[in-house]
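The sequence lines fix the lettering, A, B, ..., with proteins before strands; numbering per chain opens at 1. These figures come from a predicted structure and were not determined experimentally.
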2 protein chains.
Amino acid sequence: MSTTATTFPVTNPQARARLLDTIRFDMRGLVPVVSQQHDTREVLMLAWMNREAVEETLKTGKVCYYSRSRRELWRKGATSGQVQTLVDLRLDCDGDALLALVDQTGVACHTGRRNCFFFGLREGRLVKLTRPEVAPEELYGQ
Amino acid sequence: MSTTATTFPVTNPQARARLLDTIRFDMRGLVPVVSQQHDTREVLMLAWMNREAVEETLKTGKVCYYSRSRRELWRKGATSGQVQTLVDLRLDCDGDALLALVDQTGVACHTGRRNCFFFGLREGRLVKLTRPEVAPEELYGQ
């Protein structure tokens, strides 16, 4: 019942395997991952990891997803610099979802917004609830 | 850019359709939903909705998921009383994930814990980081 955080990265391969072997990946070999800013508790985004991405995330201490559209590892922030430093990685009760507590550098969303969940219903219309904090061109070039 | 919360439930069918028609359901007709306690910002669980579950959630103001194992609507708290009252429903930038801001009555997890994300690595071992607040038998009967 210790609540002392393990230091990430997790250098011990056996420790990584203990988490990896407990995750119930879906038929595609993927697990959904919620990322949350560890101190403010802002939910940043929802993305996916395969086994290799979880392993790399634990090993490096930087969050690495699996891009379903590009079908490859997606080292978050590799192009934009908006990396997510891992603070803790939690698995849920039935082993098929992860919660990554992170320290987000800059913004999580490719639109330049801090988090990806910015559409909401207001007065019957679907509206953008926040503005970009950074121009996407600044993140990804022209 | 208004941040005034729409009152839930959403009684206008056209307003519901505006959100429903923007969601990109997956090949199974499902979308992942993160639920978060609206005031403390605790991430409670990750579950799934189909179109009917989103519609019912908006209509009733109580969160209704789709159970992939039982293949039916899962009115959260119908048996246990641990309902989630909807405060806001957000869609993400690419339309394929939802964030439900809720007011959780009691506990979200079937184990009796407040939230489902209680497994973590500590000193190389996978451990339970929290204790149940309620005995599962109290929630679901013997």
Checklist entry - Is any side-chain heavy atom of B/L46 closer than 4.5 Å to a side-chain heavy atom of A/L46? => result yes
Checklist entry - Is the shortest side-chain N to carboxylate O distance from A/R113 to B/D92 below 4.0 Å? => result no
Next on the checklist: Please classify the contact between B/V43 and chain A as side chain, backbone, both or neither, with a heavy-atom cut-off of under 4.5 Å.
Outcome noted: both
Checklist entry - Highest number of heavy-atom pairs under 4.5 Å with chain B: which of A/P32, A/C109, A/A15, A/G95? => result A/A15
Checklist entry - Are any non-hydrogen side-chain atoms of B/L19 and A/R125 less than 4.5 angstrom apart? => result no
Checklist outcome for this item: From the list A/D94, A/T40, A/L58, the residue making the most non-hydrogen contacts under 4.5 Å with chain B is A/T40
Item to check | salt_bridge(B/R68, A/D96) N-O dist < 4.0 Å | outcome: yes
Next on the checklist: Taking atom CZ as the centre, does B/R70 end up with more than 12 heavy-atom neighbours from other residues, nucleotides or ligands that are less than 6.0 angstrom away?
Outcome noted: yes
Item to check | Residue part contacting chain A, namely of B/E42, when any heavy atom lies under 4.5 Å | outcome: both
Next on the checklist: Counting C-beta onward and ignoring hydrogens, is there a side-chain heavy-atom pair between B/L89 and A/L121 closer than 4.5 Å?
Outcome noted: no
Checklist entry - Should the heavy atoms of other residues, nucleotides or ligands under 6.0 Å from CD of A/E52 be counted, would the total exceed 12? => result no
Checklist entry - Do A/M45 and B/L99 pass the side chain to side chain contact (heavy atoms under 4.5 Å, CB included) test, and can you show the C-alpha distance, the side-chain angles, and the key distance before you say yes or no? => result CA-CA 9 Å; A/M45 55 189 278; B/L99 175 66; over 6 Å; no
Next on the checklist: Salt bridge or not between A/R28 and B/D26? Use side-chain N to carboxylate O under 4.0 Å.
Outcome noted: no
